[in-house]
Amino acid sequence: MKSCQASEKLSACLQEHEEAVQKWKKRKHLLDTKDLACDEIECLLALADLCKRYPQEPLPKVLADQIVATLFFENSTRTRSSFELAASALGASVLHLDIGSSSVSKGETLDDTARTIVAMGARAIIVRHKSSGSAYQLAQMLDKSTSVINAGDGWNAHPTQALLDLFTMREARGGLSGKKVAIVGDIVHSRVARSDIWLLQKEGMDVHVAGPPTLVPRDIANFNVSVHDQIQPAIKDCDFIIVLRMQLERQKQGLIPSLGEYKKLFRLDHNRIKNAKQNVVIMHPGPVNRGIEITDELASDERFSVIDRQVTNGVAVRIAALYLTAGA
Ligand code: CP
């Protein structure tokens, strides 16, 4: 009965979003949230919602006999694992290239590495790289039959993280238009912050950022958000707070005087959130430095924190992303 319900709902969902499905088919890649149309976002989130509601009744195996390759030039727990689960859910074989033991150590370029994997038949490449623009570079270079999904490029973008954040926010609070969200911490080095800002603004949210001035981008005016160099005005009456990881190497670069000072001024704790809405939702893309950007007690407090739910939702959102790009 459930199986029938799930497939009927899938057909209805695809039919309802037919125009957006065609746009995804044409797009083929997922590189950023900035250029996504609202109907493409709705379509992806509707599909993710079905995946989450019917976990035992997965989508059709649209990637059966296909290879999905994960090329992670930077470490990952959540993104890589959830993409691999998503690819398996759609019937694909997962090819994970262990970059450390690959020919990259002999000087092989990103382009050649990707070309080599595609020559083995990869239908989709999920790429994370320290260089901003690397996913765009691959999308332009590769044959049109390969989809490229950006799993994080430098400071630039992490689109599936932003989409799972949006999915989790809607799940927690329903309609988001006009709701206030504060993104707190190291904004300048955060691809999550950039992708979130573009996406949450499309949703009509009131977006604020807060961090030490050295950790806020110089071109922040281009993002059209409210900027704060103190945490309290940013989180006042907030519906959502997205806490970013304090990248510890920033202290070595002299961008913050000391972690102690950062914690004193910006660490989120139960006391600080008293100024936010009573039912404020606390989010973090992970990995969390417990005790640095957020207290352990608050990160673990399920009255506020949806950090684990973000991870759970990541699988459904990535199934939908792969379905619409590579599987359409
Ligand atoms: N949020 C995120 O990208 O986590 P990982 O680095 O573990 O993939």
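Whatever order the structure lists them in is the order used to number ligands and atoms, beginning at 1. Computed from a prediction, not measured in an experiment: that's the story for all the values here. Just so it is clear, the values below take in all heavy atoms, side chains as well, and ignore hydrogens, waters and symmetry mates.
Which parts of ligand 1 touch T77 is read off a 4.0 Å heavy-atom cut-off, strictly below it: atoms 5 (P), 7 (O), 8 (O).
Closest to atom 4 (O) of ligand 1 by heavy atom, among R78, R128, R245, is R78. Relative to atom 2 (C) of ligand 1, the option among N75, D165, T79, V288 with the closest non-hydrogen atom is T79.
Residues P60 and L10 meet the side-chain proximity criterion, which asks for heavy atoms closer than 4.5 Å.
For the ligand labelled ligand 1, residue E74 lies outside the 4.0 Å heavy-atom shell. Taking 4.0 Å as the cut-off, G286 counts as a neighbour of ligand 1 on heavy-atom distance.
In this structure, R318 is positioned above the aromatic face of F83, its NZ or CZ under 6.0 Å from the six-membered ring centre and within 45° of the axis.
Taking distance alone, with nitrogen or oxygen atoms compared against 3.5 Å, R80 stays at or beyond that limit from ligand 1. The N/O atoms of P285, backbone and side chain alike, include one that comes under 3.5 Å of an N/O atom in ligand 1.
R267 places no side-chain N or O within 3.5 Å of a backbone atom of T295 that could act as its donor or acceptor partner.
Annotation for A210 and A234: closest pair CB-CB, 3.6 Å, computed over non-hydrogen atoms.
Within a 6.0 Å sphere centred on CD of E19, heavy atoms belonging to other residues, nucleotides or ligands number 12 at most.
In this structure, K277 pairs ionically with D239, as a charged nitrogen and a carboxylate oxygen lie closer than 4.0 Å.
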